[in-house]
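See below for the structure under consideration.
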Protein chains: 2
Amino acid sequence: MAQADVAEPTKLGRRRDPARDEVILEAALDELVESGYEGMTIDMVAARAKAGKATVYRRWPSKADLVIDAVACMKRRNLDPDDLPDTGTLRGDLIAMIKPPTIRDSERKLALMAGIASMLVRNPELADTARAALIEPRAAINRVLFQRAIDRGEISSSVDIEQLSIIGPALAAYRTLVLHQPVDREFLIANIDQVILPAAGLGVRS
Amino acid sequence: MAQADVAEPTKLGRRRDPARDEVILEAALDELVESGYEGMTIDMVAARAKAGKATVYRRWPSKADLVIDAVACMKRRNLDPDDLPDTGTLRGDLIAMIKPPTIRDSERKLALMAGIASMLVRNPELADTARAALIEPRAAINRVLFQRAIDRGEISSSVDIEQLSIIGPALAAYRTLVLHQPVDREFLIANIDQVILPAAGLGVRS
DNA sequence: TATATACGGAACTCGTGAGTTTCGGATATC
DNA sequence: GATATCCGAAACTCACGAGTTCCGTATATA
């Protein structure tokens, strides 16, 4: 979608190093997380990547294209929904997803979403990319967990999996971005026990 | 917090018209909703308010101060938590809150939040103002509704009111800003029946 | 009516960031 | 070793927006 590239030449010369792409995209992501779309400058991205500004523009035609590629490359970091630990219970599976690396990754994603939020309305391609790279992978994991619970007869097959899959991400995003409070283990467990499981029909009567 | 103002002079002249403040703040809000913080320009605000740029700067010392005042003035639009219709049941109270004007107001608030999202990290005063003017009033309403349900013995007094009050706003914000899907009556009722009421201990077993 | 002030509008300064160009040096291909 | 290409760095152009100043006009007070 971005890379301005060319037909294979017949001969000669030093080749463009694809590894630099990764470094630059990573620098762009750091800038987006720290400063947001409008706060990020190409000069700062280049400096952080120890690259020249011209090198950046040799690889992406504009700032918008660089940002789209940077957001898109977050997709590779997600774990495979077909390869999740199975604890035997829905609650166990949900709790098993709470790990410090996962929380940190989630915080980074949310800061990134906040940084590009005002662009999402005006740049549909960026909006689609962000959903595909940041939102959908986590929802896919939740869908698998809830489908398992249905398959093993733990919860009713009439629940709305799509709705259930979204509760956790929505509460975490709201707490971080709007309330500006930390998303820690305690908060996540409270969400599971007091909101998600009751919504799945596994109420723990008090 | 913003208004750059003065001691009372001894005599003379045309007075500054306070009604123009409202027009300018409203224009600023419209711009924030449509274009976000960085997309909004003082020229566009002035033009929309049919005012001169100098008039804007006569009343607010900077763009940041104007924006803070604009966000803050949204607080006046909220209905009083002490003056809510009482339908006699929690579900009835929650459903009664679903009205087209309320939905439209909520959409406007969310678009405003998206527009200033990237600023919230870097401008704590704006962040506090936004929470007080946009988030807290709605949470206050929900707290009243859940407290009533506790008082009438409809739900357990051991529920976490703060957590319950946040579920609705969080799901609506996520659906609008992240998923980019419409928040309509059907969606809100599904949230109430399948998430909020179960979390309150009022499960409707299927 | 005289005067001080606020007004809308326009011209202005000034800083900043996107995108371009240039250049000396490094490096892989031939 | 000759050459074509990529590199980092820096200087450059250009557009745009924040904030200021000025001016002719309108209006409320005295």
Side-chain angles (χ1 to χ4, degrees), chain A residues 2-24 27-28 31-32 34-70 115 118-119 122-123 126, chain B residues 2-24 27-28 31-32 34-70 115 118-119 122-123 126:
Chain A
Q3 314 280 116
D5 263 279
V6 281
E8 212 55 32
T10 45
K11 308 208 314 177
L12 289 179
R14 181 187 182 181
R15 311 304 301 270
R16 182 175 295 179
D17 181 5
R20 305 287 305 137
D21 280 6
E22 301 302 315
V23 178
I24 295 170
E31 285 292 328
L32 284 173
E34 290 177 16
S35 311
Y37 183 89
E38 350 272 345
M40 154 186 153
T41 71
I42 301 293
D43 285 280
M44 292 163 76
V45 172
R48 190 187 281 253
K50 298 189 200 309
K53 197 179 181 180
T55 302
V56 176
Y57 278 103
R58 237 172 260 127
R59 292 157 190 253
W60 292 273
S62 74
K63 176 178 175 176
D65 290 279
L66 170 63
V67 168
I68 288 174
D69 261 24
S118 66
M119 288 296 296
R122 271 176 296 287
N123 191 330
L126 177 58
Chain B
Q3 313 280 116
D5 261 280
V6 281
E8 212 57 32
T10 46
K11 308 208 314 175
L12 290 180
R14 180 187 182 180
R15 312 304 302 274
R16 184 175 293 180
D17 181 4
R20 306 287 303 137
D21 280 5
E22 301 301 315
V23 178
I24 295 170
E31 286 291 329
L32 283 174
E34 290 178 15
S35 310
Y37 183 89
E38 351 273 344
M40 154 187 153
T41 70
I42 302 293
D43 286 280
M44 290 164 77
V45 172
R48 191 187 281 253
K50 296 189 203 308
K53 197 179 180 178
T55 303
V56 176
Y57 278 102
R58 237 173 259 125
R59 292 157 189 255
W60 292 274
S62 73
K63 175 178 175 177
D65 290 279
L66 169 63
V67 167
I68 288 175
D69 261 24
S118 66
M119 288 296 296
R122 270 174 297 286
N123 191 330
L126 177 59

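Protein chains get the first letters and strands the later ones, always in sequence-line order, with residue 1 at the start of each. Fair warning: this is a prediction, and the values are worked out from it, not measured in the lab.
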The salt bridge (charged side-chain N to carboxylate O under 4.0 Å, His left out) partners of B:Arg14 (sequence neighbours excluded) come to none
Contacts of B:Arg20 meeting salt bridge (charged side-chain N to carboxylate O under 4.0 Å, His left out) (sequence neighbours excluded), chain-then-number -> none
Applying side-chain hydrogen bond (donor to acceptor under 3.5 Å, both in side chains) to B:Arg122 and not counting sequence neighbours gives none
- Task: Send over the distance from A:Arg14 CZ to C:dC30 P, rounded to a whole Å.
- Result: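 Taking CZ of A:Arg14 and P of C:dC30, I get 16 Å after rounding.
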_Could you work out, with side chain to side chain contact (heavy atoms under 4.5 Å, CB included) as the rule, every residue matching A:Ala49, not counting sequence neighbours?_
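A:Val23, A:Ile24, A:Ala27, A:Ala51.
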Salt bridge (charged side-chain N to carboxylate O under 4.0 Å, His left out) pairs touching residues 37-47 of chain A, sequence neighbours excluded, are A:Asp43-A:Lys53
Scoring nucleotides 8-20 of chain D by protein non-hydrogen atoms under 4.0 Å (B base, S sugar-phosphate only, - none) yields BB-------SBBB
